[in-house]
Amino acid sequence: MTARIGVVTFPGTLDDRDTQRAISIAGAEAVPLWHRDKDLKQVDAVVLPGGFSYGDYLRAGAISRFSPVMGAIVEQANGGMPVLGICNGFQVLCEAHLLPGAMLRNTGLHFVCRDQKLRVETSATAWTADYAAGEEISIPLKNIDGRYTADERTLDELESEGRVVFRYQELNPNGSLRDIAGISNAAGNVVGLMPHPEHAVEPLIGTGRTDGLAFFTSVIKKLVTA
Amino acid sequence: MSLDTVKHAAGTPESAQPWKELGLKEDEYARIREILGRRPTGAELAMYSVMWSEHCSYKSSKVHLKQFGEKAPQTDALLVGIGENAGVVDVGQGYAVTFKIESHNHPSYIEPYQGAATGVGGIVRDILAMGARPVAVMDPLRFGAADHPDTKRVLPGVVAGVGGYGNCLGLPNIGGEVVFDPCYQGNPLVNALCVGVMKHEDIHLAQASGTGNKVILYGARTGGDGIGGVSVLASETFDSTGPSRRPAVQVGDPFQEKLLIECTLEIFREQLVAGIQDLGGAGLSCATSELASAGSGGMRVELDTVPLRDATLSPEEILMSESQERMCAIVEPGKVDRFLEICEKWDVIATVIGEVTEGSRLEIFWHGEQIVDVPPRSVAHEGPTYHRPYARPDWQDTLQADDAGRLARPANAEELRAQVLALVGSPNQASKSWVTDQYDRFVQGNTVLAQPEDSGVVRIDADTNLGVALATDGNGRYAKLDPYTGAQLALAEAYRNVAATGAKPLAVSDCLNFGSPEDPAVMWQFAEATRGLADGCLALGTPVTGGNVSLYNQTGDQAIHPTPVVAVLGVIDDVNRRTPMAFSEQGQLILLLGDTREEFGGSAWSQVVHDHLGGLPPAVDLEREKLLAEILISGSRDGMIDAAHDLSDGGLIQAVTESCLRGGNGARLVVPDGLDAFTFLFSESAGRAIVAVPRSEELRFTDMCGARGLPVSRIGVIDGDAVEVQGEFAIPLAELGAAHEATIPGLLV
Amino acid sequence: MARVVVDVMLKPEILDPQGQAVQRALPRLGFAGISDVRQGKRFELEVEGPVDDAALARIREMAETFLANTVIEDFDVKVES
Amino acid sequence: MARVVVDVMLKPEILDPQGQAVQRALPRLGFAGISDVRQGKRFELEVEGPVDDAALARIREMAETFLANTVIEDFDVKVES
Ligand SMILES: Nc1ncnc2c1ncn2[C@@H]1O[C@H](COP(=O)(O)OP(=O)(O)O)[C@@H](O)[C@H]1O
Ligand SMILES: [Mg+2]
């Protein structure tokens with residue numbers, strides 16, 4: 001069986017086509033989903049890609065969160081379907097309360113584009129099984145609203161439940177609390193992170209490394225063996 | 001206020017009109033009356049005045065720009081030449097590439113963020129209007145003195161604007177320039193380039209043909225912002241913003257533009273348009289008159305159907321408004337419904353505002369009454385032409401006689417070392433990562449090389465690995481010393497940068513930034529620079545496909561350095577063989593290609609160490625540039641070189657420093673026979689590059705150079721973690737890196 | 001037509017680098033005596049029909065679910081006089 | 001310590017993409033009856049010492065030269081009660 005992974009396009013989404021390409025390279029079928037779609041075309045997993053949906057006006061992700069497609073995604077995510085939010089997608093997941101916390105303007109106040117080192121803190125999610133816990137990877141990061149924030153209780157809970165999935169290494173590019181780059185929900189099927197694995201799947205392109213490919217192979221393996 | 005209809009105008013020939021306030025000259029106003037056989041209506045006057053402005057009509061420059069056509073080299077690559085929104089170049093495999101560079105200088109001085117942002121937005125729509133998907137942007141920028149307080153206002157705003165708009169559109173920024181010079185104080189240069197890709201059959205042109213076809217305006221609503229923007233763009237002073245109380249500043253909405261791009265590409269895919277034009281300077285005046293002028297018939301527009309953001313706008317203001325993020329399409333009646341459906345899908349407002357008519361006139365109505373009745377060509381293509389007087393300024397000889405070769409040179413190795421550090425840490429030579437890290441270079445997932453590489457390279461076909469390369473260059477200091485040679489040096493440098501990454505240079509776009517054309521000295525600089533560029537393009541076989549002229553970049557009688565910025569587009573058939581600049585393998589040999597002479601006029605060294613500008617710029621040898629490019633391309637194709645970096649401002653030591661820092665490896669250099677260390681390190685002789693060659697390839701590579709007659713010398717080896725010049729000095733990479741990286745952030749805190 | 005203003009500010013415990021940047025710049029520009037700056041958002045809503053309690057309740061709901069993210073922000077709704 | 005609020009809004013004739021995006025979203029979220037939305041900035045300044053006319057004049061100057069970009073924005077200074 002070939003896994004079918006949906007990629008949502010909101011108005012203003014930018015990395016949808018790259019994400020589709022990354023999914024194909026990893027060996028699954030990428031299924032485009034439109035923000036007005038009310039059903040998910042029977043996909044097995046969904047990626048909310050990066051970009052500036054609705055221009056990031058109001059707050060990043062604040063308007064997209066109300067799109068018709070999000071209703072279906074919230075429902076199926078709560079039922080266990082793997083969902084990955086990258087950058088703007090992560091912001092949408094927070095706004096939609098599928099993940100706790102919120103994203104704020106970078107402390108440096110600038111857009112930051114860099115090759116970012118991360119530590120994969122856990123392989124116990126749908127999207128990180130092909131990494132080893134503690135593994136260091138380097139993938140592009142590019143955002144202006146990437147400062148992950150939550151109250152202390154939530155942060156402690158995330159830590160104790162092993163739901164901090166990625167942490168910035170060497171440099172915290174945006175002032176995220178506890179160097180958090182990505183988190184998951186309690187069940188581990190919903191993951192959000194600021195850096196961009198889909199830009200690190202081909203040796204020649206971008207940073208020239210393929211450290212992001214395992215996101216997609218992880219979920220594909222899980223879906224195919226399920 | 002009563003409506004000034006065509007009928008009313010015909011009956012009131014004596015009514016006084018504000019032609020002067022609109023920037024028209026007396027004879028120009030007389031000519032409009034002659035063309036129309038009556039006085040123009042207010043709406044017609046608005047149209048003529050914006051379309052006949054310097055910015056839209058190129059009235060001072062077009063007699064010189066003609067050379068780009070007259071001297072165009074023979075090439076099969078050019079699919080669409082000068083005159084359309086942008087030129088189109090055949091890059092093989094059925095692909096066509098369109099690219100163009102434009103200026104948004106004056107608006108960016110007034111409001112840096114929005115000025116720069118809308119500059120990016122405007123050039124992207126030009127590329128989109130050709131039928132192409134925009135795939136990357138670049139931003140050649142120039143600011144006043146690095147330590148001037150106003151630079152702290154302008155630079156961060158411009159950079160945030162370029163980034164804010166481009167990032168939000170999802171266009172990777174793959175290169176540009178950041179140059180500081182006191183001559184740009186008060187006149188920063190914000191140039192923006194966009195490149196787009198399409199299949200040959202997708203090329204679209206700006207023409208309104210087919211009687212009965214509908215004129216559809218789509219995108220943002222029309223508002224009062226930007227009215228008078230055209231006059232600001234090209235007028236002598238910032239305060240002559242036309243008759244309107246409306247602000248001249250335009251605010252961009254990159255989200256709207258992103259929707260416009262996706263919506264337009266979907267419309268192209270379904271072949272729903274017969275002609276298309278973006279709305280830029282002069283707004284609807286420009287779009288309607290140009291579409292009608294290039295088409296076969298006339299056009300009728302119901303102006304009151306235009307969706308407005310501000311209901312109080314007058315018809316004149318609607319015609320002149322430069323509200324951003326709008327496009328105008330000509331659509332067959334049977335395809336209108338589908339067109340509107342796609343717009344609805346993307347939340348883009350679209351309105352049928354008129355149709356193509358049988359006749360030959362552009363007619364515009366306001367609630368049923370006719371307010372415009374003109375021959376469209378007279379508005380769009382038959383504006384005034386000036387043969388402005390020009391003369392070589394008398395100070396030019398004095399300037400050239402002030403030879404930089406006489407400047408005091410470092411007396412010993414210690415001074416030499418100190419000057420190297422001063423050079424690589426000077427604002428113009430320092431790392432620009434503070435700027436470029438604010439730009440997304442990864443989006444779209446096709447970026448093969450981006451800043452700080454010699455050229456930006458993007459893959460355009462993921463199956464065949466076909467790619468294009470682009471570099472922009474300009475050196476106002478060289479051009480000030482000799483505008484003819486300076487323009488050719490800009491061209492040669494961009495050409496060399498493209499070749500250094502392994503791509504074959506194909507075509508040129510240019511942005512000519514100069515002072516006031518009413519100053520004969522400036523006009524001479526302009527004439528010389530265009531002549532130099534046209535001759536250079538002919539010699540290199542790379543036609544000019546389009547570009548932009550920005551005049552009046554001056555404060556009082558103080559003009560900026562003449563600054564022709566040249567963009568060269570190249571093609572690389574397999575991006576896998578692109579050559580990066582990094583020295584990444586210890587033990588590889590460093591070879592210097594080309595001749596090094598004592599050439600310091602206009603050099604970075606003369607600026608940094610002596611604050612001097614005088615003498616002659618480096619000599620240009622375009623045959624040598626071609627040969628060098630061939631060698632660099634062959635070296636890449638045959639896998640002989642692992643790194644290459646062109647030599648330009650700052651000379652060899654600058655290039656070696658950049659390649660070492662990028663690769664994280666040091667280098668041991670030996671001064672070749674016949675050269676002194678100072679000249680070896682700092683000369684800016686053109687036609688040179690350094691390459692890193694695996695030892696196993698040295699003989700094959702140097703044999704190739706020998707056989708083709710390109711001088712090559714082995715100058716060192718990649719080694720250690722310092723840059724060492726044997727017998728002179730060594731500088732640890734960490735120290736070089738700190739000097740190179742710290743400068744720009746230090747200036748802007 | 002009436003105008004309702006919604007002010008949205010970061011909660012006091014949340015770091016506000018924009019406000020801080022403004023505050024840090026002030027002395028350099030010659031403005032002394034400002035001990036703290038916070039930067040937030042102001043929305044001006046033009047409301048059709050009467051701004052009665054029901055309308056205000058709806059706007060408050062809109063602020064709570066949409067205009068502000070109450071994880072990080074507080075809001076305040078005022079009828080403009 | 002007194003609080004002075006500076007509200008900065010885009011001039012009415014200037015495009016406000018953010019406000020427009022918010023307004024367009026409202027009906028989809030089930031909020032009808034809002035005919036226009038403009039989004040601006042709100043600065044809360046904590047002022048040391050008395051907020052007398054001199055202090056207000058200084059703050060107004062600060063707003064004019066720094067907090068607002070008067071090419072495209074208007075501002076309003078208020079003492080918080
Ligand atoms: N404003 C900018 N935007 C994007 N890239 C830039 C900008 N300024 C400089 N760069 C990049 O930094 C690198 C070094 O610039 P420069 O020294 O001008 O290059 P060169 O001398 O080779 O033309 C190049 O890759 C250039 O494209
Ligand atoms: Mg270069």
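Both backbone and side-chain heavy atoms feed into the values below; hydrogens, waters and symmetry mates do not. Letters A, B, ... mirror the listed sequences (proteins, then strands); counts begin at 1. Small disclaimer: the values here were computed from a predicted structure and weren't measured.
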Straight-line distance of [X] [atom1] to [Y] [atom2], nearest 0.5 Å:
X     : Y     : atom1 : atom2 : result
C/I59 : D/L26 : CD1   : CG    : 9.5 Å
D/D16 : C/E44 : CG    : CD    : 9.5 Å
C/D36 : D/R3  : CG    : CZ    : 8.5 Å

Inset, instruction - For C/R42 and D/F43, indicate whether the former's side chain and the latter's backbone hold a donor-acceptor pair under 3.5 Å. - result: no
Heavy-atom cut-off 4.5 Å, strictly under: side chain, backbone, both or neither for [X] against chain C?
X     : result
D/E61 : both
D/L29 : side chain
D/A25 : side chain

Legend entry - Whether over 12 other heavy atoms sit under 6.0 Å from C/D53 CG: no
Legend entry - Partner chain C: residue of D/A55, D/G30, D/G19, D/S35 with the largest heavy-atom pair count (under 4.5 Å): D/S35
Inset, instruction - Among the options C/V6, C/D7, C/L45, pick out the one with the most heavy-atom pairs lying under 4.5 Å from chain D. - result: C/D7
Legend entry - chain D interface, residue from C/K41, C/Q23, C/M62 that has the most non-hydrogen pairs under 4.5 Å: C/M62
